[in-house]
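Working notes, structure below.
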Amino acid sequence: LGNAITYVRDIYKSFEDAGYYCQHWVLNGAKMGVPQRRERVFFVAFRKDLAEPFLKQKDLFTKSPELKLEFKEPEIPFIDVYNLLGGKESEEEYKPFTEVQQELYDKCKEGEKFSKYHEKGNYFAYYKINRHRSVPTMTTTGDALKHFEIPRALSVKEWLLCFSFPMDYNFGKFANNKYLLGMSVPPIMVAQIATQIYEQWLGKIKTKETKETKEDKWVKENVSPEVIEEIKKENKEVYFSKSKSEDINSKKNTANHIFPYKWKLKDTIFTKDKGKVFSCFACGGGSTMGYKLAGFDVLGCNEIDPKMM
């Protein structure tokens, strides 16, 4: 792990000095409703003066607030992403394969790396993706993942879906779309974590206004009776409001998943009923959108897409 252990200890110590309990998890997006096998480390800290009711004995010497982050949603294969876009060749212009790349692509089976067939093991990051699996981690090397049967890189729309970013996301003046996405956390990963933190911790902290009162008030003001009745029939909780978009409500897209990975900003009314969150919008706004999908009112800056705020 190298310096990572030192960084983790420093993070824990900083939160301890600031009066917080700190824990961390390594989570995989493919188990959280994201069509990507993306593993990331998440640190969750809880202020000590609020954490008392949730403390559990972790070992002989340590107590920490109990939080279960156990996600077991079914993996979303790339073929589902491809079919959501109509299963058609993208209209984007792609950098053509070199002769060597084409030769390696032709030799690769689905799910294999180009480096397997290169005499020096080059092109280590290049894959011919497996249509029956979620795509591997998508990095800032934007064109490294290749389509399973068409000699091309994945399109920006395919990237948006594999990151659970909204289909109408505005990249602004940022020309290298895939680089920005490769630096970002998928919104659904953050939405899943934020939902669990609310349900297991924040929603149980006593306030002047109960969770039920706040949610009833928001629903009464913002959601039509027809939509409420539909939700009751489906026996689903609403973490963000029903959308006008057919895509976001399609059974094919939402089956066995809490959050739909195909959605649009313009069609979504964020509930903002779970409390306020500050988001620094460090990369592409994945965390910002994740908090909003989970129902939080996000405070902070947004330099790329004003619609998200």
Side-chain angles (χ1 to χ4, degrees), residues 1-8 26-42 74-165 169 171 174-186 188-189 261-262 282-284 286:
L1 293 176
N3 292 329
I5 294 176
T6 302
Y7 296 147
V8 170
V26 178
L27 300 175
N28 187 339
K31 296 182 178 180
M32 302 170 76
V34 177
Q36 182 183 167
R37 303 193 302 276
R38 190 178 187 86
E39 287 193 337
R40 288 295 180 268
V41 179
F42 292 88
E75 185 174 330
I76 301 168
F78 179 76
I79 192 65
D80 285 4
V81 173
Y82 188 52
N83 288 337
L84 272 178
L85 294 173
K88 298 177 181 179
E89 170 64 282
S90 172
E91 296 178 357
E92 291 182 23
E93 292 184 8
Y94 297 97
K95 185 178 179 180
F97 282 16
T98 64
E99 186 177 336
V100 173
Q101 290 173 343
Q102 185 64 56
E103 181 182 345
L104 296 173
Y105 178 86
D106 292 338
K107 289 181 178 179
C108 279
K109 297 177 182 177
E110 291 185 29
E112 291 185 335
K113 292 184 177 183
F114 282 25
S115 58
K116 179 178 179 179
Y117 299 99
H118 192 277
E119 58 181 5
K120 295 183 179 179
N122 294 347
Y123 296 98
F124 183 79
Y126 282 63
Y127 279 88
K128 178 187 281 190
I129 62 173
N130 184 340
R131 76 186 79 189
H132 302 299
R133 296 290 311 277
S134 294
V135 298
T137 298
M138 305 175 89
T139 68
T140 52
T141 310
D143 289 336
L145 300 184
K146 308 300 183 183
H147 192 272
F148 56 85
E149 65 180 4
I150 304 169
R152 65 167 175 84
L154 301 191
S155 69
V156 173
K157 287 184 178 180
E158 289 165 342
W159 270 67
L160 287 169
L161 283 175
C162 289
F163 268 90
S164 70
F165 263 59
Y169 182 79
F171 288 93
F174 203 98
N176 193 340
N177 300 166
K178 295 176 184 177
Y179 182 89
L180 183 144
L181 290 169
M183 291 286 290
S184 301
V185 61
I188 284 180
M189 291 187 77
Y261 63 91
K262 186 179 182 184
C283 295

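None of the values given here were measured: they were computed from a predicted structure.
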Taking the side chain as every heavy atom from C-beta outward, state whether [X] and [Y] have any pair of such atoms under 4.5 Å apart.
{"X": "Phe174", "Y": "Asn176", "value": "yes"}
{"X": "Lys178", "Y": "Val156", "value": "yes"}
{"X": "Thr137", "Y": "Glu39", "value": "no"}

Inset, instruction - Verify side-chain contact (heavy atoms from CB on, under 4.5 Å) between Phe148 and Ile79, making sure each step is shown before the conclusion. - result: CA-CA 9 Å; Phe148 56 85; Ile79 192 65; 3.8 Å; yes
Distance (rounded to the nearest 0.5 Å) between [X] [atom1] and [Y] [atom2]:
{"X": "Arg152", "Y": "Asp143", "atom1": "CZ", "atom2": "CG", "value": "11.0 Å"}
{"X": "Asn28", "Y": "Gln36", "atom1": "CG", "atom2": "CD", "value": "9.0 Å"}
{"X": "Ser155", "Y": "Tyr94", "atom1": "OG", "atom2": "OH", "value": "4.5 Å"}
{"X": "Leu104", "Y": "Tyr126", "atom1": "CG", "atom2": "OH", "value": "10.5 Å"}
{"X": "Lys128", "Y": "Tyr105", "atom1": "NZ", "atom2": "OH", "value": "4.5 Å"}
{"X": "Ser134", "Y": "Tyr261", "atom1": "OG", "atom2": "OH", "value": "9.0 Å"}

Inset, instruction - Could you check Leu154 against Met138 for side-chain contact (heavy atoms from CB on, under 4.5 Å), going step by step and ending with a plain yes or no? - result: CA-CA 10 Å; Leu154 301 191; Met138 305 175 89; 4.0 Å; yes
Inset, instruction - Identify whether NZ of Lys or CZ of Arg in Lys113 sits under 6.0 Å from the centre of the six-membered ring of Phe124 and within 45° of that ring's axis. - result: yes
Heavy atoms only: give me the nearest [X]-[Y] pair and the separation to one decimal.
{"X": "Arg131", "Y": "Glu110", "answer": "NH2-OE2, 2.5 Å"}
{"X": "Phe165", "Y": "Val185", "answer": "CE1-O, 3.9 Å"}
{"X": "Leu84", "Y": "Lys262", "answer": "O-NZ, 3.3 Å"}
{"X": "Leu180", "Y": "Gly284", "answer": "CD2-CA, 3.5 Å"}
{"X": "Pro35", "Y": "Val81", "answer": "CB-CG2, 3.7 Å"}

By salt bridge (charged side-chain N to carboxylate O under 4.0 Å, His left out), which residues pair with [X], not counting sequence neighbours?
{"X": "Arg133", "result": "Glu75"}
{"X": "Lys157", "result": "none"}
{"X": "Glu112", "result": "Lys116"}

Inset, instruction - Show the numbers, then the answer: is there a side-chain contact (heavy atoms from CB on, under 4.5 Å) between Tyr169 and Asn177? - result: CA-CA 10 Å; Tyr169 182 79; Asn177 300 166; over 6 Å; no
Inset, instruction - Check whether more than 12 heavy atoms from other residues, nucleotides or ligands sit under 6.0 Å from atom CZ of Phe42, and answer yes or no. - result: yes
Inset, instruction - Look at the aromatic rings of Trp159 and Phe163 and report parallel, tilted or perpendicular, splitting at 30° and 60°. - result: parallel
Inset, instruction - For side-chain contact (heavy atoms from CB on, under 4.5 Å), just list the numbers for Cys162 and Phe78, CA-CA rounded to whole Å, side-chain angles, deciding distance to a tenth of an Å, and then say yes or no. - result: CA-CA 8 Å; Cys162 289; Phe78 179 76; 4.1 Å; yes
